[in-house]
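Please read all numbers here as calculations on a predicted model, not as lab measurements. In what follows, residues are counted from 1 in the order of the sequence shown. Only this structure's heavy atoms are used, side chains among them; waters, hydrogens and symmetry mates stay out.
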Amino acid sequence: MSPSGGPDANVPQAIAGPSGFLDDRLGAGNFLKRNLRKVFPDHWSFLLGEIALYSFIILLLTGTFLTFFFKPSMEHVIYDGAYEPLKGVGMSAAYASSLEISFDVRGGLLMRQMHHWAALLFVAGMMVHMLRVFFTGAYRKPRELNWLIGVLLLTLALAEGLTGYSLPDDLLSGAGLRITEGVAISLPLVGTWITFFLFGGEYPGEDVISRFYSLHILLIPGILLALISAHMILMWVQKHTQMPGKGRTNNNVVGAPFYPAFMAKAGAYFMFTFGVIALLGTFAQINPIWIFGPYTPADISAGSQPDFYMGFLEGALRLMPSWEINFLGFTLPMSVLIPALVPMGIIMTGLAVYPFAERWITGDNREHHVVDRPRNNPHRTSIGISAITFYGVLWLLGANDEISWVFKVSLNWTTYIGRVLIFVAPVIAYIVTYRICLGLQRKDAAIIGHGVESGVIKRLPHGEYIEVHVPPSADIEAHMRGKEPVPVLTGADTEPGGIPPKGMRGPIGKLKARMSTAYGGEKIPLDDGHHDGHHDGHGDEHAAVGAGGDDKSITR
């Protein structure tokens, strides 16, 4: 309803009715109308974050079911359940209740497997979503705070996965718990205290399952829920980024409204995500704890592997040489400290600092609502691929024993090669990625300057055959022309002998200037001088946007 009480012709009846009802009772009609008409851009990559969100919802639902039957206790019991091979075997109550959920509770095994698959998809979805944000520069002003929330969410998700993975107290998860204890106790000064706090005494203690259970179902999920809510609220308030294209600027959003278009799409996407996880839980076995048996500190299984998101820690531990420092009666086990802290520290700290480091290097304090194509910022893209390569080498070498066994190569050689690759592979990845980005920029410049192949062969008067080129479509050309040069600090390119600006003086200033010149600038400019009569796609831009009506574009 309009403020005067009459119907608002610009608002669909499906929105006007409920908003009028709420406005009469809560005074929230204008708020509801404004937010239901919020425009979301239409691009497949923006749905990646929703995979993580929907997986988290499924985690909460399946986890609630499991809490009704799981017993977080280290109490020693004798198993007498439905799984015959383990009858009469001593085990913890936690492991016995996990077997009961799997074999005696109706739908229990399905819920267990759906919960596990949803956990993997939750972390994977967060990783892929974060990569999309990084490679497109969507973390830039005003979204730095939301980026930091995302980094914290990923860190907490790893901790949530670790605590949940350990709860069944089977032999596989117990091996991971043993590694956790070794990492915790190796920390200088606080290691012993942290270990006793988690385990309630000497390893394995009597309290670790109950304490991990409290962390897994109460503390960490509560923080995750709060951070996800803050993440969504900030995204809603700051508006969504959009890919460069026809009619898209920093002052508008081109797409479809939240209601009904995006709401219907999101609802369907949730059902697709739920269906995939349900199918995986039904047909793809995961974590068969009854095969592993109960955990005992004296036993270990060959070829044990953690879930994928902790594989980098496993690989770092396997690659690190045996090195320790003994000083004044104290021992620093560097063979554990470095793998446990350095790779995680490099990746997470690098992610958290990068938006601010990039702004410091480029001096770019503008707001950005239109994102970059990865090729148009080759150094950022190369840095991201190098980080992925670094993570991937650690992840792959976490299975060096399996690689050695399957391919019949020496385990020592897989370790030696991994130690070389961890330094060499990221550098190679950086160089190759940078060259690919420049090549793609040259391809864009060629399309803008000479058009695209039409498939039509033409014979020239002197007998030469050529393929006729035609102008690219307006949408494709606008997408390419959304490219902006990476900013460079003013005065960073001062001529030798010239007087640099105040901020560029001194060792730090000179380093900053060199970094800015190398990182920023236009690497391969679009060839604006060779259009061969092509239109530039800008003349009818506003008409094309306006033709979509209110459902297609809203000015910020």
Side-chain angles (χ1 to χ4, degrees), residues 10-12 14-15 32-55 57 125-126 128-140 142-143 146-147 150 228 231-276 367-376 444 472-484 537-538 540-556:
N10 295 324
V11 180
I15 296 176
L32 188 62
K33 284 187 290 186
R34 182 175 67 253
N35 285 281
L36 287 178
R37 299 295 290 170
K38 176 180 171 64
V39 172
F40 282 80
D42 189 15
H43 193 272
W44 65 268
S45 65
F46 296 136
L47 298 176
L48 295 173
E50 293 184 38
I51 296 176
L53 175 63
Y54 301 149
S55 299
I57 294 172
M126 290 181 66
V128 175
H129 173 62
M130 181 167 282
L131 290 176
R132 196 277 300 175
V133 172
F134 178 84
F135 284 123
T136 60
Y139 53 76
R140 293 172 294 180
R143 296 175 180 84
N146 225 6
W147 173 257
I228 289 173
H231 191 76
M232 299 295 293
I233 291 171
L234 280 175
M235 182 274 295
W236 194 279
V237 171
Q238 293 174 343
K239 303 178 179 62
H240 215 299
T241 57
Q242 56 186 341
M243 297 296 290
K246 191 172 182 179
R248 297 169 186 172
T249 70
N250 278 317
N251 298 317
N252 71 348
V253 179
V254 178
F258 176 73
Y259 179 86
F262 186 80
M263 188 178 290
K265 184 189 297 184
Y269 203 50
F270 172 78
M271 297 309 298
F272 290 148
T273 306
F274 182 86
V276 168
E367 287 195 3
H368 293 272
H369 303 292
V370 178
V371 298
D372 295 330
R373 299 171 76 196
R375 67 186 66 181
N376 292 335
D444 290 345
S473 68
D475 289 339
I476 292 176
E477 186 169 355
H479 187 55
M480 294 179 180
R481 289 189 176 279
K483 174 186 179 183
E484 291 185 355
H538 291 294
D540 61 343
E541 185 173 295
H542 297 291
V545 176
D550 291 338
D551 287 354
K552 291 298 181 183
S553 178
I554 288 183
T555 302
R556 292 184 188 274

Query raised in the report: Are side-chain N/O atoms of R143 and H369 paired as donor and acceptor at under 3.5 Å?
Result: yes
Requested in this report: Answer yes or no: are there more than 12 heavy-atom neighbours, outside F274 itself, under 6.0 Å from its atom CZ?
Outcome: no
Report summary line: Minimal heavy-atom distance between R132 and A138, with the atoms involved, is NH1-CB, 4.2 Å
Query raised in the report: Can K483 and D372 be counted as an ion pair, charged N to O under 4.0 angstrom?
Result: no
Query raised in the report: Just by modelled atom types, is the V254 backbone N or O under 3.5 Å from a matching donor or acceptor in the Q242 side chain?
Result: yes
Query raised in the report: Rounded to the nearest 0.5 Å, how far does OH of Y54 lie from CZ of F272?
Result: 11.5 Å
Query raised in the report: Taking Q238 for the side chain and P142 for the main chain, is one N or O donor matched with an acceptor at less than 3.5 Å?
Result: yes
Report task. Keeping the roles fixed (side chain from D444, backbone from M480), state whether a donor-acceptor pair exists under 3.5 Å. Result -> no
Query raised in the report: Can the positive tip of K38 be found less than 6.0 Å from the middle of the six-membered ring of F40, inside 45° of the ring normal?
Result: yes
Query raised in the report: Any sub-3.5 Å donor-acceptor pair from E484's side-chain atoms to N376's backbone N or O?
Result: no
Report task. Would you check if W147 and M130 make a side-chain contact, meaning some heavy-atom pair closer than 4.5 Å? Result -> yes
Query raised in the report: Got R373 and T136 here, is their nearest side-chain heavy-atom distance under 4.5 Å?
Result: no
Query raised in the report: Say you draw a straight line from OG1 of T241 to CG of N250; how long is it, rounded to the nearest 0.5 Å?
Result: 10.5 Å
Query raised in the report: Mind checking whether H240 and F46 have side chains closer than 4.5 Å, heavy atoms only?
Result: yes
**Report entry** Considering all heavy atoms, the nearest G245-A478 contact
**Finding:** C-CB, 3.7 Å
Report summary line: Rounded to the nearest 0.5 Å, the CZ atom of R481 sits from the CD1 atom of I476 at a distance of 13.5 Å
Query raised in the report: When you measure from the side chain of H479 to the backbone N and O of P244, does any donor-acceptor pair fall under 3.5 Å?
Result: yes
Query - Intermediate values then yes/no, side chain to side chain contact (heavy atoms under 4.5 Å, CB included), D42 and K265 - result: CA-CA 10 Å; D42 189 15; K265 184 189 297 184; 2.9 Å; yes
Query raised in the report: Hey, what do you get for CD (E367) to CG (N251), rounding to the nearest 0.5 Å?
Result: 9.5 Å
Report summary line: Value for CG (L53) from NE2 (H231), rounded to nearest 0.5 Å, stands at 9.5 Å
Report summary line: Interatomic distance, CD1@I51 vs CZ@F270, rounded to 0.5 Å, equals 13.0 Å
Requested in this report: Count the heavy atoms belonging to other residues, nucleotides or ligands that lie under 6.0 Å from CE of M263, then report whether that count exceeds 12.
Outcome: yes
Report task. Determine yes or no for a side-chain-to-main-chain donor-acceptor pair under 3.5 angstrom, with H43 supplying the side chain and S45 the backbone. Result -> yes
